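A quick write-up on the structure given underneath.
Values below: all heavy atoms of this structure, side chains included; hydrogens, waters and symmetry mates excluded. The chains referred to below are lettered A, B, ... by the order of the sequence lines, with proteins before strands, and numbering in each begins at 1. Here the structure is a predicted model, which is why all the values come from computation and not from measurement.
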Amino acid sequence: MESNVIIWGIIAVLVLLSIWLTHDLKVENPGKKQLMLEAGIEWLENFFKDLLGEQGSRYTPYMMTVIIFIAVSNLSGLLGFKPPTKDMNVTAALAIMSIVLIEYAGIHAQGTLGWVKSFTRPMALVTPINIMEIAIRPVSLCMRLFGNMVGGFVVMELIKGICPVLLPFPFTLYFDIFDGLIQAYVFCLLTSLFISEQIEA
Amino acid sequence: MLNISLWNMVGVVVEVLLLYVLLKKFLFKPIKDIQEKRQAMIDGQMQKADAANAEALAFKEQYAQKISGVQSESNQILEDARKQAKNEYDRIVEQANGEAGDILVKAKKNMELEREKAMREMETQVADLALSAASKILGSKTGTDSDLNLYDQFLDKAGDTDDRTLN
Amino acid sequence: MNSLIAIGAGIAALSGIGAGVGIGIATGKAAEATARQPEAAGAISKALLLGAALAEATAIYGFVIGLLILFVL
């Protein structure tokens, strides 16, 4: 329950931040703030466009939303909040959305019949494995994100138990910032890869 | 943390979808709009620059054409002048030739006339001489001496010319 | 009973060995590849991240199972 509240807070902060960032966009002579914003958004967009290909570019905004959301959620632990991604409900919901989007992309790109047929690829023998993958992929996504966040949290708690001063600082750098960003990246990278696999299959 | 509840998950799904809609509206769309506007502006400027370039090129072409036209015109004028001068020269030379020929012909004719006149005069003189000699012979009739004398006289008078013609 | 649960959790945590070996091999190969072809560093690091994430999953499963054993059972 607590994580839902934090997610609402994250949504509010993100929306207010984007309104503040985009309220004075200029066509000519953009300021430093606008340049950084545009460069960041463009980097994300190109990253997902590369992964998803021309056909999958319609899913780019969703993937950008998810990567921003997960990154902010993971980093919210730095401000003393309980990161929402440390709650399995949140990661499970994100993983379920991902698998729904992946299968939707497959149906949209190949048609229902083509999507059903794609389970027999590369040969009929692997059909059970392909069907199992529908369950395995979201579980894997969910557990990876959740396990990394909880693992980082547990290790940090242990380190803080040993020595609460100075020592946690470099570990915070790794477990909270680096790992948080890497996990957001990996979650979206894998979802995009699965989507492009569905589109191109 | 580990206990999963369906309602929590539904809540998260709704929240993420809401975040998707809001971010699309407030973050991605304005940035896309501004980038498209900038692209349009750049395209417009490029187009304008292209148009200006094409115009300048056209002007250049026109000027080049004009310059080459002027050159050919001046060439033409020069050619014309040269031709005219040559014509004039030819005409003058021809005229002069003709005149010279005329003068020559006239001079020849004059000379002929003169000669004829001189011949005729000579003939009349010879006739006169013959006549006067005949009259002298008829008048004196004094023997062979006088005949001889007369003959000498005649020879004296006409011999020079005869000699000259004979020799 | 409590000690058995703790032992189970400890065994579950052993799954980290596989992940450690796997990620180590992957990173070593990636470093080799980058040294051989520095211009392909971007593609290599992307593949490395993907592989590391997939290899890491086993360790994460062990960790989650350990947590489940400790807190849910």
Side chain, backbone, both or neither: which part of A/Phe187 has a non-hydrogen atom closer than 4.5 Å to chain C? neither

Rounded to the nearest 0.5 Å, the CE atom of A/Met143 sits from the CZ atom of C/Phe63 at a distance of 11.5 Å

Looking at C/Tyr61, I'd like to know if its OH atom is crowded, meaning that more than 12 non-hydrogen atoms belonging to other residues, nucleotides or ligands lie closer than 6.0 Å. yes

Rounding to 0.5 Å, atoms CG (C/Leu50) and OH (A/Tyr185) come to a distance of 9.0 Å

Heavy atoms of A/Arg144 and C/Ala53 approach each other most closely as NE-O, 3.0 Å

NZ (C/Lys46) and CG (A/Leu189) are apart, to the nearest 0.5 Å, by 7.5 Å

From CA spacing to verdict: side chain to side chain contact (heavy atoms under 4.5 Å, CB included), C/Glu56, A/Asn148: CA-CA 9 Å; C/Glu56 193 190 39; A/Asn148 268 290; 3.3 Å; yes

Can you tell me how far CD1 of C/Ile60 sits from CG of A/Leu145, rounded to the nearest 0.5 angstrom? 10.0 Å

Does CZ in A/Arg58 sit with more than 12 non-hydrogen atoms of other residues, nucleotides or ligands closer than 6.0 Å? yes

Should we count CD of A/Glu157 as having more than 12 external heavy atoms under 6.0 Å? yes

A/Lys117 atom NZ, neighbour heavy-atom count above 12 within 6.0 Å: no

For chain C, find its close neighbours in residues 164-172 of chain A: heavy-atom separation under 4.5 Å, sorted by number, or none. none

